[in-house]
*Asks:* 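What follows is a structure written as structure tokens; I'll ask about it next.
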Protein chains: 4
Amino acid sequence: MSPRTSEQYEEIRESKRKLILDTACKLFANHGFYDTSISMITKTAGISKGLIYNYFESKEQLLKSLVFEGLTEFHKNFDLDHDGILSHKELKIYIDEYFNLLDKNREFWKLYFAIIIQPPVLKLVEKEMMEFSAPMVVILFNYFKDNNYEDPQAEMEFFSAILSGIAIKYLNAPEYFHLDKLKKKILSLYPNNKNGSTTNLIGEK
Amino acid sequence: MSPRTSEQYEEIRESKRKLILDTACKLFANHGFYDTSISMITKTAGISKGLIYNYFESKEQLLKSLVFEGLTEFHKNFDLDHDGILSHKELKIYIDEYFNLLDKNREFWKLYFAIIIQPPVLKLVEKEMMEFSAPMVVILFNYFKDNNYEDPQAEMEFFSAILSGIAIKYLNAPEYFHLDKLKKKILSLYPNNKNGSTTNLIGEK
Amino acid sequence: MSPRTSEQYEEIRESKRKLILDTACKLFANHGFYDTSISMITKTAGISKGLIYNYFESKEQLLKSLVFEGLTEFHKNFDLDHDGILSHKELKIYIDEYFNLLDKNREFWKLYFAIIIQPPVLKLVEKEMMEFSAPMVVILFNYFKDNNYEDPQAEMEFFSAILSGIAIKYLNAPEYFHLDKLKKKILSLYPNNKNGSTTNLIGEK
Amino acid sequence: MSPRTSEQYEEIRESKRKLILDTACKLFANHGFYDTSISMITKTAGISKGLIYNYFESKEQLLKSLVFEGLTEFHKNFDLDHDGILSHKELKIYIDEYFNLLDKNREFWKLYFAIIIQPPVLKLVEKEMMEFSAPMVVILFNYFKDNNYEDPQAEMEFFSAILSGIAIKYLNAPEYFHLDKLKKKILSLYPNNKNGSTTNLIGEK
DNA sequence: CATGAATGAGGATTCATTCAT
DNA sequence: CATGAATGAATCCTCATTCAT
């Protein structure tokens with residue numbers, strides 16, 4: 001009968017919020033953003049239609065939060081010691097983690113790629129995305145430069161293209177794409193040749 | 001006084017049809033299928049709302065035609081002599097043409113990737129796409145097998161992942177991705193080693 | 001090469017007009033007025049969409065003509081000698097012809113009843129219909145009065161209700177309603193009792 | 001502060017639902033199904049266009065509900081003790097009630113006849129109607145059989161034709177058709193002659 | 001914190017009609 | 001006399017969002 005403590009409220013809010021985010025992620029990923037209605041989300045989550053606006057300003061804000069929080073988790077696994085320098089070991093861990101998460105959070109990544117491909121949707125989350133990807137680009141570039149790759153810029157472009165390509169293909173047809181083999185293959189392309197390798201991948205002498 | 005000849009009608013229909021397809025392609029590619037309204041298309045094309053239904057049964061059919069005709073043009077450049085076997089030269093031509101068209105029909109390819117990533121939209125054109133991609137998969141697999149790649153399946157997956165990845169990255173940020181360098185790089189990954197190469201890319205013997 | 005004579009033109013016009021009317025009648029009857037589009041009519045008749053407006057001012061006018069001409073044919077069979085007086089023999093002929101036409105022009109009658117039941121459609125052809133039905137009402141009333149029916153007005157109402165009811169039921173489910181038996185039954189209700197019958201149908205003394 | 005109780009919601013829904021049904025009935029009856037737009041209904045009912053879909057899945061479903069509920073009320077008055085057998089008293093009550101409701105629910109019956117006469121509309125509610133009319137047909141047939149009518153089938157057809165005919169005529173021109181007189185007349189046609197009547201209506205022995 | 005009835009702008013689509021040829 | 005491309009108002013329906021409770 002006595003009012004709930006603010007801790008209890010906080011707890012309720014947090015779990016409801018997570019419920020909404022998880023539900024929305026699954027639906028957005030499988031039906032697309034525009035094909036998922038607020039009704040679908042609230043019905044699936046088992047809450048009332050009004051409640052969702054108690055937690056998120058709008059459908060767009062909900063998407064933003066979704067992406068932001070997903071990327072946050074992802075980037076925890078990049079440049080692990082946060083010194084701005086990517087060691088070869090960190091690169092391998094990064095690749096490893098990339099493939100792990102791809103498999104684990106398939107829903108989220110489907111959503112992610114659906115977003116970055118649609119300009120008007122992308123614009124909604126552009127800022128958040130940039131904040132994450134900009135430093136990554138720099139760090140990757142430096143890695144290839146520091147490891148004596150002939151054209152670090154091209155190498156970086158190629159590297160990120162491969163990762164994106166595998167993701168897209170796998171997310172789209174998980175039963176036909178073999179993540180483990182592809183991971184091995186990509187790792188073989190980027191061996192530990194920090195000290196003066198003469199056979200980097202852009203151009204053979 | 002007399003009605004138009006059927007040639008005149010044919011001409012009108014052909015050019016108007018193309019106008020609608022082109023307009024729709026551009027808009028679908030940049031705004032997404034669901035975020036492009038029929039009104040937007042007709043307004044952009046400078047025609048009345050009703051006219052579009054004189055040429056296409058529905059918005060979905062319009063999309064299907066778009067995809068079908070785009071893929072048809074693309075696949076003209078694959079396995080050029082249509083013998084079901086891909087020579088190394090044909091592979092190189094294919095890659096070359098892939099990059100050409102990527103640049104030339106940027107709108108179409110944006111649309112293409114936007115589609116395959118959105119489940120509800122993909123479902124609309126799944127059949128059309130399968131008809132094109134299924135034979136390609138077989139031909140590519142055979143290429144890698146015939147050229148003694150250790151794991152043709154993985155190689156094929158990797159190859160198509162790279163192509164898709166480059167496309168996505170480039171289409172999304174053409175100013176930051178250098179197609180020519182990436183093309184050179186990918187060509188270097190697939191040299192003419194038909195006769196017993198000992199250094200294929202999956203794993204050294 | 002020489003221009004057609006005006007007789008030939010007239011002939012063409014007449015047969016085209018009939019083609020349109022017949023086609024429209026069939027379609028209106030089976031699909032309803034609002035569910036039959038001009039396109040359906042022209043396509044079924046094998047003519048161009050524009051042509052129909054060469055013969056009829058509008059879809060509504062087409063309906064009006066249809067009803068007007070149908071009723072004209074029907075009413076030729078009523079009060080055969082046009083003296084304003086209905087003999088018993090003429091009544092029998094009328095009933096007989098009513099059942100004949102019901103069966104023969106089922107399409108038209110379906111349309112007719114669909115029309116009189118829908119006020120806004122009825123309004124379109126109200127004038128034409130009144131011109132036909134008003135004199136009939138008078139003549140029927142006189143028949144029952146002259147034949148000493150106790151309440152000619154009620155008798156007339158009842159008589160026309162029966163005819164309409166049979167029509168509606170039969171048109172709606174021709175396989176379940178047996179016109180010949182119903183005709184016999186109705187004839188038995190209106191025997192030749194012109195000369196002082198003591199057992200008319202409204203009320204026994 | 002707290003949400004409405006579910007009783008409150010129930011009340012709101014019930015009354016609004018009825019408002020929509022009543023409004024739609026009136027409009028459908030007087031303008032026809034296809035000529036009544038959702039806008040007309042909502043404007044007349046004083047609600048927003050979207051709300052109607054909160055209560056009915058579609059325009060068709062609205063019609064179905066209308067017919068179903070109208071017929072349900074009507075059939076409460078048929079075969080009152082629900083033993084599958086129609087006594088003469090029940091027949092009289094039925095006829096009586098038929099005329100009562102005809103007058104009371106004029107809108108509904110106008111709608112009813114408008115529906116059964118328009119094939120595409122009829123198809124929408126065919127199933128609902130059949131469920132009601134099929135048992136009635138059997139019961140009526142048995143009535144005429146059990147009461148020694150010579151041709152029960154024809155008698156049943158005739159009986160239902162009369163009822164329909166009167167309805168149509170009356171609904172169409174209530175000022176010109178005298179329900180009470182017609183009722184008396186029809187009752188006189190079906191006297192209580194259960195025990196071996198020698199003067200049934202189809203044909204004298 | 002939670003409910004769901006209510007809104008209305010906007011979506012895809014249809015169709016009677018016009019008109020240049 | 002005949003054609004069919006073109007118009008645009010009107011249709012049914014969806015859905016993010018609001019708000020009284």
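Proteins come first, then strands; the chains are lettered A, B, ... in the order of their sequence lines, and each starts at number 1.
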*Asks:* Send over the distance from A:M40 CE to F:dC15 P, rounded to a whole Å.
*Replies:*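 Taking CE of A:M40 and P of F:dC15, I get 9 Å after rounding.
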*Asks:* Rounded to whole angstrom units, what separation is found between the CD1 atom of B:I41 and the C1' atom of F:dG8?
*Replies:*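 So the two atoms are 17 Å apart, to the nearest Å.
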*Asks:* Let me know, please, whether A:G50 or C:T36 comes out on the 5' side of the other along DNA chain E by nearest nucleotide.
*Replies:*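 Going by which nucleotide is closer to the 5' end, it is A:G50.
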*Asks:* Could you pick out which residue, B:G46 or A:S37, lies toward the 5' side of DNA chain F when each is mapped onto its nearest nucleotide?
*Replies:*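 The residue mapped nearer the 5' terminus is B:G46.
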*Asks:* Check ring-ring contact (aromatic ring centres under 6.0 Å, His included) between B:Y34 and all other residues, then give those that pass, not counting sequence neighbours.
*Replies:*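 Scan of B:Y34 (ring-ring contact (aromatic ring centres under 6.0 Å, His included), adjacent residues dropped) gives none.
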*Asks:* With a cut-off of less than 4.0 Å, is there a side-chain N or O of B:S48 near OP1 or OP2 of F:dT7?
*Replies:*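 For F:dT7, OP1/OP2 do have a side-chain N/O of B:S48 under 4.0 Å.
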*Asks:* Report the C-alpha distance between C:K59 and C:F33 in whole Å, list the side-chain angles of each, state the deciding distance to 0.1 Å, and finish with yes or no for side-chain contact (heavy atoms from CB on, under 4.5 Å).
*Replies:* CA-CA 9 Å; C:K59 199 184 170 190; C:F33 179 69; 4.1 Å; yes
*Asks:* Counting neighbours of CZ on A:F68 that are heavy atoms of other residues, nucleotides or ligands and sit closer than 6.0 Å, is the number greater than 12?
*Replies:*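 Atom CZ in A:F68 is not crowded, with 12 or fewer foreign heavy atoms closer than 6.0 Å.
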*Asks:* Could you state the NZ-P distance from D:K43 to F:dA10, rounded to the nearest angstrom?
*Replies:*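 Result: 10 Å.
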*Asks:* Between E:dT14 atom P and D:Y34 atom OH, what is the distance in whole Å?
*Replies:*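 One finds 14 Å between P of E:dT14 and OH of D:Y34, rounded.
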*Asks:* A quick test of your reading: do over 12 heavy atoms of other residues, nucleotides or ligands sit less than 6.0 Å from CD of D:E11?
*Replies:*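 No.
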*Asks:* Is any side-chain N or O of C:K49 closer than 4.0 Å to OP1 or OP2 of E:dC19?
*Replies:*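 For E:dC19, neither OP1 nor OP2 has a side-chain N or O of C:K49 closer than 4.0 Å.
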*Asks:* Could you note down all residue pairs passing side-chain hydrogen bond (donor to acceptor under 3.5 Å, both in side chains) where residues 14-29 of chain D supplies at least one of them, sequence neighbours left out?
*Replies:*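 Sorted pair list: D:R17-D:E69, D:K18-D:D22.
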*Asks:* In whole angstrom, what separates C:I38's CD1 from F:dG4's P?
*Replies:*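 That distance rounds to 16 Å.
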*Asks:* Is any side-chain heavy atom of D:L71 closer than 4.5 Å to one of D:M129?
*Replies:*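 D:M129 reaches D:L71 side chain to side chain.
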*Asks:* Over how many whole Å does the gap from A:D35 atom CG to F:dA16 atom C1' extend?
*Replies:*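 Roughly 15 Å, once rounded to whole Å.
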*Asks:* I'd like to know if C:Y53 reaches the base of E:dT18 with its side chain such that a donor and an acceptor end up less than 3.5 angstrom apart.
*Replies:*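 Between E:dT18 and C:Y53, which were checked side chain against base, a qualifying N/O pair under 3.5 Å is absent.
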*Asks:* Rounding to a whole Å, what distance do you find between B:E10:CD and E:dT21:C1'?
*Replies:*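 From B:E10 CD to E:dT21 C1': 17 Å.
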*Asks:* Looking at D:L27, is its backbone amide N or carbonyl O close enough to the side chain of D:T36 to form a donor-acceptor pair, meaning the two atoms are under 3.5 Å apart?
*Replies:*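 At least one qualifying donor-acceptor pair exists.
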*Asks:* Mind listing the residues from residues 54-70 of chain B sitting with a heavy atom below 4.0 Å of DNA chain F? Number order is fine.
*Replies:*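 By residue number: B:N54, B:Y55.
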*Asks:* Starting from the first five and the last five pairs of the helix from E:dA2-F:dT21 to E:dT21-F:dA2, work out the angle between the resulting helix axes, to 10 degrees.
*Replies:*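 Overall, the helix from E:dA2-F:dT21 to E:dT21-F:dA2 bends by 10° from one end axis to the other.
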*Asks:* So which nucleotide from F:dA6, E:dC1, F:dA2 ends up closest to the side chain of C:I12?
*Replies:*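 Taking heavy atoms from C-beta onward, the closest nucleotide is F:dA2.
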*Asks:* Please tabulate, for the side chains in residues 40-49 of chain C, all donor-acceptor contacts under 3.5 angstrom to protein atoms that are two or more places apart in sequence or on a different chain.
*Replies:*
from	atom 1	to	atom 2	distance (Å)
C:T42	OG1	C:I38	O	3.2
C:T42	OG1	C:S39	O	3.0
C:T44	OG1	C:M40	O	2.6
C:S48	OG	C:L51	N	3.4

*Asks:* From the set E:dA6, E:dT13, F:dT18, return the single nucleotide nearest to any side-chain atom of D:L51.
*Replies:*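 It is E:dA6.
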*Asks:* Provide, to the nearest angstrom, the distance between the CD atom belonging to B:E7 and the C1' atom belonging to F:dG4.
*Replies:*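 From B:E7 CD to F:dG4 C1': 15 Å.
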*Asks:* Please tabulate, for side-chain N and O atoms in residues 108-127 of chain B, each donor-acceptor pair with protein atoms closer than 3.5 Å (sequence neighbours left out).
*Replies:*
from	atom 1	to	atom 2	distance (Å)
B:K110	NZ	B:N30	OD1	2.9

*Asks:* So is A:K64 actually on top of A:F56's ring, under 6.0 Å and inside 45° of the axis?
*Replies:*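 Ring-cation test returns no.
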